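Report on the following structure.
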Amino acid sequence: MPLLKTMIQTLTAGFSEVLSPRHCIVCEESVSDDDRKFEFICDRCFNSIPYAESPDILLNNILENYSGDELCINNAYALLRLKDNDDWMRLIYGLKYRGYSRIGYEFGKELGRIIQSYGHPEYAGIVPIPVHKARLRERGFNQSLYIAQGVSEILSVPVADDIIERAVYTQTQTVLSAEERKINVEGAFRMTAPNSVVEGKIYLIVDDVITTGSKMNS
Ligand SMILES: [Zn+2]
């Protein structure tokens, strides 16, 4: 009865999260009940958040993978700068595969504050990168939507999750080179809103991870 087993495991995990002290999602040490900004992160990790570079530097980094007028992105903002084997990647995995909606929302708010502090154009909407319907069924959530909701709260700009959809079920990008990533996401997204709605407007696109910028650009 594998299904029942999975259900029991899920229930047990749910109960233990309520009954036992929480653990820091980054270093996995237990977290006390102090009033902190992010409740799933211990003080030590909180004080060493690896903040990303300024938007100018981020955009320059992305530009290195593109030639001429290939790049359609005007600005880039990020909250964290992470390496592959970084402990902080646990936060990304938690968000992506375990659906830590609260963390996505809180970090989205923090990202929103950063965007606000650098100044930004007037956005018509905040667009979470959509996941394919099949993947949505499999996971039950879109992690980028949680982040977008946090950003939306701070910038007072509505979430626009009905502008684009995922047309193709793409393979995961983690093992691909910059050039392979571009090909992998070619035609991956399709407009669902009519041109008359989006024409002449500026949208802020939100994703959980940006590596070479190929998904954003697509
Ligand atoms: Zn920690």
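Counting starts at 1 for both ligands and their atoms, following the listed order. Bear in mind the structure is a predicted one, so any value in this text is a computation, not a measurement.
The number of protein N, O or S atoms lying under 2.8 Å from the Zn ion (ligand 1) is 4.
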Requested in this report: Evaluate the salt bridge (Lys or Arg N to Asp or Glu O under 4.0 Å) criterion for residues Glu165 and Arg190: first the C-alpha distance (whole Å), next the side-chain angles of each, then the deciding distance (0.1 Å), finally the verdict.
Outcome: CA-CA 5 Å; Glu165 68 176 5; Arg190 182 171 46 213; 2.7 Å; yes

Query raised in the report: Stepwise, does the side-chain hydrogen bond (donor to acceptor under 3.5 Å, both in side chains) test hold for Ser144 with Asp207?
Result: CA-CA 5 Å; Ser144 299; Asp207 204 358; 3.2 Å; yes

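Grouped with Val159 in one hydrophobic cluster are Leu145, the linkage being side-chain heavy-atom contacts under 4.5 Å among Ile, Leu, Val, Met, Phe, Trp and Tyr residues.
Remark: the backbone N or O of Ile163 is paired with a side-chain donor or acceptor of Thr192 at under 3.5 angstrom.
Look at Arg44 and Glu29 and you find no salt bridge, because none of the NZ, NE, NH1 or NH2 atoms lies under 4.0 Å from a carboxylate O.
More than 12 heavy atoms of other shown residues, nucleotides or ligands fall within 6.0 angstrom of atom CZ in Arg139.
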